[in-house]
Visitor: 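The structure is given below, and queries will be raised subsequently.
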Amino acid sequence: MLSYSFQPTVDFAQSLDQQDKLSHFRHEFYLKPNSIYMDGNSLGLLSKRAEKTLLESLADWKELGIDGWTQGNHPWYFMSEKLGEMSAPIVGASPEEVIVTGSTTVNLHQLVASFYKPEGTRTKILADELTFPSDIYALQSQLRIHGYDPETHLIRVKSRDGRFLEEDDIIAAMTDDIALIVLPTVLYRSGQILDMKRLTEEAHKRGILIGFDGCHSVGAIPHSFSEWGVDFAYWCNYKHLNGGPGCVGGLYVNRKHFGTHPGLAGWFGSRKDKQFDMEHTLTPAENAGAFQIGTPHVLSLAPLIGSLEIFAEAGIENIREKSLLINQYLMDLIEHELTDMGFIIGNPRDDVRRGGHISLEHKEAARICKSLKENGIVPDFRAPNIIRLAPVALYTSYEEVWKVVQTLKAIMTEKQYEKFENEREVVA
Ligand SMILES: *Cc1c(COP(=O)(O)O)cnc(C)c1O
């Protein structure tokens, strides 16, 4: 860890950049001149290596046609497994426990269809009121498929302050009518990390299965899913993992569940040597591969190969170390430069509880975001009052963070935001 004693000067930002051992990765990404990208937690940027592996797969199609499935640069038939293997270290799992398939929401459907087994009076699903809406929609529809009313059977742990969840409150809600728990690893608004190890232990003490949505943590923080005994997890690869818009998702199933029949079966869940026997009885793969459904979206898998090579080289521990420091630096600058302007830092301060982005609250947040965009800075907005800013370890510099805060200061003191409406855009 490099020495850090905050100073507000641009010289200090530049000295942090000089000491940054990940700084060379920045040149691997397509960054626009005169623009500062602070939205890598929503859609990560394109790297040259991701572009390269995508173009190689396109070339395989051009050259090989159908033979691209087994030949060429990255044989398509094994790509989901190969990417599972490459993803395993960043989620703390063994290679057979991870597969790259489907999408976040589809994978949640698959995992609930496979692991939600209501029995007797144990019929409810436990989630939380701050989670991402798509997860709630999926859980509600899975309950309906089983003939239960989501109003009574989907329990949502309440937040005490609208920002955070208390692990104690979640544990108190693990009652004996709960069959399954699905929670985020990191809350998408406040950036709070839940204590996955503790929650998993407590769930298992009560005989409840637990799974996590890793969209906002995978690629930003290390995980130990296997060691913690997490039953399953799923995540997207287009946020911190830079796999491109609509990139195929990730799915982890603990090895103790290998052999569980997939709830939503399809021929790509087959043992790979059996798949082309074309039998009407499925022989599922004996690993996480069993939870695949149909033919993978190869061109949305291919960029992830190049991107995960970068993660392997950089190392997730180093990424976390820089992420913590650059986010700390952003908070220190905000507190130093933006006092008495109505901003509240709405993410946890403790290193163990904060994820990879800063959640800056302001009642004029929607139009401050528009003003930032006009100034060449890309943030994102979460209604009603959150500006999310994500300095990303692999491609954001400390000097950029310094500039972002200087720009925010100018927007506020010059009231530049007043020329915009305080409403969100169609895509925020
Ligand atoms: C981004 C995100 C999703 C998106 O799901 P998709 O199926 O990829 O559209 C779901 N959950 C969380 C927590 C997210 O951050």
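As the structure lists them, so they are numbered: ligands from 1, and atoms in each ligand from 1.
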Visitor: Write none if no such pair exists; otherwise list each N/O atom of ligand 1 with its protein N/O partner under 3.5 Å and the distance.
Guide:
unit_1   : atom_1 : unit_2 : atom_2 : d
ligand 1 : 7 (O)  : Thr105 : N      : 2.9
ligand 1 : 7 (O)  : Thr105 : OG1    : 2.6
ligand 1 : 8 (O)  : Thr104 : OG1    : 3.2
ligand 1 : 8 (O)  : Tyr238 : OH     : 2.6
ligand 1 : 11 (N) : Asp135 : OD1    : 3.2
ligand 1 : 11 (N) : Asp213 : OD2    : 2.9
ligand 1 : 15 (O) : His216 : ND1    : 2.9
ligand 1 : 15 (O) : Lys239 : NZ     : 2.4

Visitor: Which pairs with one or both residues in residues 347-388 pass ring pair (Phe, Tyr, Trp, His ring centres under 6.0 Å), sequence neighbours excluded?
Guide: His216-His357, Phe343-His362

Visitor: Which residue pairs pass the ring pair (Phe, Tyr, Trp, His ring centres under 6.0 Å) test with at least one member in residues 140-180, sequence neighbours excluded?
Guide: Tyr116-His146, Tyr148-His153

Visitor: Output yes when Glu399 and Arg26 qualify as a salt bridge under the 4.0 Å nitrogen-oxygen rule, no when they do not.
Guide: no

Visitor: List the atom pairs, with distances to 0.1 Å, where a side-chain N or O of residues 39-47 and a protein N or O form a donor-acceptor pair under 3.5 Å, not counting sequence neighbours.
Guide:
unit_1 : atom_1 : unit_2 : atom_2 : d
Ser42  : OG     : Asp380 : OD2    : 2.8
Ser42  : OG     : Arg388 : NH2    : 3.2
Ser47  : OG     : Ala50  : N      : 3.1

Visitor: Can Asn375 and Gln416 be counted as having a side-chain donor-acceptor contact under 3.5 angstrom?
Guide: yes

Visitor: Determine whether the aromatic ring centres of residues His257 and Phe115 are separated by less than 6.0 angstrom.
Guide: yes

